[in-house]
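Written below as structure tokens is the structure these notes are about.
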There are 4 protein chains.
Amino acid sequence: MVKAPTYLDRGAKVVDIGSDFRLKDRATFERVYKAEHSCWELVGEAPYGATELHRDAIRAARLVANPGCFAYTAILALAPLVKAGWIEPDRVVVDGLSGSSGAGAEPSVPTHHSEIGNSAFPYNVVDHRHTYEIEQELSEVAAAPVTVHFTPYYCPFTRGILAGCHGFLNRAATRADLLALYQEFYAGEPFIRVLPFDKDPKASWQYLPYPSVATLAGSNYVHIGVDVDERRRRAAVFGALDNLGKGAASSAIQNMNCMLGLREDTGLAGVGLHP
Amino acid sequence: MVKAPTYLDRGAKVVDIGSDFRLKDRATFERVYKAEHSCWELVGEAPYGATELHRDAIRAARLVANPGCFAYTAILALAPLVKAGWIEPDRVVVDGLSGSSGAGAEPSVPTHHSEIGNSAFPYNVVDHRHTYEIEQELSEVAAAPVTVHFTPYYCPFTRGILAGCHGFLNRAATRADLLALYQEFYAGEPFIRVLPFDKDPKASWQYLPYPSVATLAGSNYVHIGVDVDERRRRAAVFGALDNLGKGAASSAIQNMNCMLGLREDTGLAGVGLHP
Amino acid sequence: MVKAPTYLDRGAKVVDIGSDFRLKDRATFERVYKAEHSCWELVGEAPYGATELHRDAIRAARLVANPGCFAYTAILALAPLVKAGWIEPDRVVVDGLSGSSGAGAEPSVPTHHSEIGNSAFPYNVVDHRHTYEIEQELSEVAAAPVTVHFTPYYCPFTRGILAGCHGFLNRAATRADLLALYQEFYAGEPFIRVLPFDKDPKASWQYLPYPSVATLAGSNYVHIGVDVDERRRRAAVFGALDNLGKGAASSAIQNMNCMLGLREDTGLAGVGLHP
Amino acid sequence: MVKAPTYLDRGAKVVDIGSDFRLKDRATFERVYKAEHSCWELVGEAPYGATELHRDAIRAARLVANPGCFAYTAILALAPLVKAGWIEPDRVVVDGLSGSSGAGAEPSVPTHHSEIGNSAFPYNVVDHRHTYEIEQELSEVAAAPVTVHFTPYYCPFTRGILAGCHGFLNRAATRADLLALYQEFYAGEPFIRVLPFDKDPKASWQYLPYPSVATLAGSNYVHIGVDVDERRRRAAVFGALDNLGKGAASSAIQNMNCMLGLREDTGLAGVGLHP
């Protein structure tokens, strides 16, 4: 919070990878982060760095607020659906599985291998800070308030986030309808891959249209899979990305490329490791 | 399906660990399992083997339908809440994390270590068979139809199930309210532990009132943790058990103990391994 | 070191699970542990707690020095071979794989999930303290000096030790010869299982006569597998146990049972979890 | 074996990633691989593709025999030591830890997550085929017969090989001596990193001079760490690489670059993921 103004004063462009400029409502920010903001006047000019939603603003910006990793995953997974207005906006449920690197490099009890290496558990179960980013962005996309019920879990993988997002359909829709909606929404996006289901899912598990988080490790890609329970009118959308890639460092580079007028995928062409 | 009648004819008591006697609606059974039932007349006399919900019937039964592992976890996690009528019955969301042993002993692509060892992915995303067990039992508990939106995920642990269950509160309730509700509902149950939150959660992560699935490995215990997002009126309940223990073999023993008039914890006293 | 005399003075029998009474040479102890010993007079009366090697002394003892987990594994894996005098005593190589619980319950960088969860690395590569226990015990078994070249590695499992032990044969010997030697040496031992190879190893991987460390989790059992490279005259012996079971807590119980004249397997009958 | 001649006849250069051209002794090849060789006349012209040992021959070759992953790791870890003649050539012990991808993409019992996900076990314990590659190459480097005692283990990581190599010193040598020897041997090599130990190993575990296998995932790099047990005259050398990178695909690219006169690191500049 202290440093961004310094760099901006020197004429630099800044992609802030922390949480200081993400939330646009000051009271929310100060309550959620339990801190006063020292340069609130900058918040207004800093687009939220979900490139796919704010590309034009990012291109013109000198300060970008790079998204939180969980938030970015859920926002990308849900944006087409809330924009279309197909789901109840106050009942969106997101369960987010995080690898251990999401907890940082500092050893801790939850990331001690003996605790998590062969286990899984929820944490920060309600009112997680990233909830506010998701609600802010989805509400803007929907042009109406969206309420998100988000819970994170630690799982024994090292990198990545898998967000299972559930919405209650307010109209009849099939899996094919959702797929078409998402493919159109993300057409031309260099780093979003909406997984198809044209292969026979019986033929091989590998053709199933859901993301597997490890296949994105080291990349700037996002995989999105969609499904519909027609019987119960639920849309299920799964987003996955590398929390240290598209969820942090490489999405910052993508935004930097935008800000500098470079090709957006400069330095970001690599695909994920598998396995 | 073929064998239970044979054993019953010989005068044996039977705990059926498969899915043949769980669902009580014939049309549902035959649609979901894509099979005709060869001895439907037995279904009516076979209590669903969630001991905590059907203890008296199990004690009197000669045939018990042992629950599916995912179903049992979700049912136990949600029964107190739906019985109390505190949540919207048609909007219950369950995300269930499964270890690899849930897929069976046979090697397969999803359980190939290179695919899952450092990853996670959803599967059978909508209309999973266990959904019907959960809906059947919760509807009975609620004395009203309950709709469950269930999705399973494979995660890289070997044993266990962690079910994250979300319900939308139709009345104000706090975490303490839920805790009291659950403690009362499960009072005296030998294998259900409702996790307290009287310790300072800031003091140590280990006091957080959510289950960690590995700590139940090898045991017949179920851990349940509860929380409430008062701001958004969501109840979050987490159930965990060992899919090969309380989710299968040892719960069958618990039911057998009931049927034979033995102490219910005979042979089942062991707690889980940690780590 | 301070407490054992206190308990002994009160007439208690003591199984010391630390390292204070294991090494019988004072200069070695004080150099290796960089500490003066405050009650060296007790060391002489404390048998090294490898039950299989010192059962009579343990039965008569009031103080037992429970073995280090790596040391115990390697000692059991190598004792028959060095006693028979079939391998060069100064060229014994042991590579020991340890799970993360071997590093203790305290979070640390090497056991941080992001570091070890999908990796492996050596540590304490030369002159590990357990080397001296192994050399002491094998030299006594062999009635001649044995030199052990021991290196530990951390691997991403939670419980267990797998010791790969290599000796250079000084006589022709086959795998069957080794198997017979080990079966005779450990005949009647309640917790040592020398893995047979009478099943067709082509038929199924599960019949291969080598231990898999996780199958011992939670138990007091030791699995030992043997093989011979006749072409290069190497004996390969693999020992595995649960570092928190036979490598610590449950072997202490086995020794306590001996000291108290109880059946040696009292409270220890459980087998390991699989998976 | 059938295809290489076809491509060569068309004038193509071939890097064979299988095992057909690696062993230069026909009787050994046919015994070890239990097959007759259909184009033995090509074996003589195909340099063994350890670039660091056969760079000139590879540059001039039209057919290169890319090394086996275990073999390459051990050869690189041991070449400086056997060339210097500092260790007993008939007593070299190598324990090799392999990730699950080393077993291939096909599901199998040993790589079933429930079997290996929280475990470790040895396999192909004696006379593994890669032993012959290691012996062939080290004997050539040493200009004298070298005997290698190699055993592989499966461990629960997805990518990578860690080879622990032990040699008995026939002269006094310190860790610094070994480090100097290795740094000189591999000076200028673009993909070999001999890990230094000039940082204080007490200060942080991360400065310890041993490789951690996951840090090489996705790269063409090899990390080598050295140590000496002066008390027992053992040299311990650890080599690590990505079995799908430097152990297979990317080393083939490095050789292709050599054969085509390209910069050797063309397309290979990426470092490994961490974590």
Side-chain angles (χ1 to χ4, degrees), chain A residues 69 98-108 110-120 154-161 203-208 212-221 240-250 253 265-275, chain D residues 69 98-108 110-120 154-161 203-208 212-221 240-250 253 265-275:
Chain A
C69 53
S98 172
S100 55
S101 65
E106 198 64 33
S108 64
T111 59
H112 188 48
H113 184 275
S114 292
E115 296 294 339
I116 185 61
N118 195 33
S119 197
Y154 282 128
C155 289
F157 48 86
T158 50
R159 296 169 85 106
I161 281 178
S204 162
W205 166 85
Q206 293 180 305
Y207 295 135
L208 281 188
S212 177
V213 72
T215 62
L216 294 155
S219 88
N220 192 50
Y221 283 87
L241 51 73
D242 180 349
N243 59 307
L244 304 176
K246 181 66 166 173
S250 64
I253 293 170
D265 62 356
T266 305
L268 300 173
V271 297
L273 284 186
H274 184 208
Chain D
C69 54
S98 173
S100 55
S101 65
E106 198 65 34
S108 64
T111 60
H112 188 47
H113 185 274
S114 291
E115 296 293 339
I116 184 62
N118 195 33
S119 197
Y154 281 128
C155 288
F157 48 88
T158 49
R159 294 169 85 107
I161 281 178
S204 162
W205 166 83
Q206 294 181 302
Y207 295 135
L208 281 188
S212 176
V213 71
T215 62
L216 295 155
S219 87
N220 193 49
Y221 283 86
L241 51 73
D242 180 349
N243 60 306
L244 304 176
K246 181 67 167 174
S250 62
I253 293 170
D265 62 356
T266 305
L268 299 173
V271 297
L273 285 186
H274 184 210

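For D/Ala105, no part lies near chain A; criterion is any non-hydrogen pair under 4.5 Å. Heavy atoms closer than 4.5 Å to chain D are found in both the backbone and the side chain of A/Ala217.
Residues meeting the side chain to side chain donor-acceptor pair (under 3.5 Å) test with D/Ser250, sequence neighbours left out: D/Asn220.
Across A/Leu244, A/Leu273, A/Asn118, the residue that shares the most heavy-atom pairs under 4.5 angstrom with chain D is A/Leu273.
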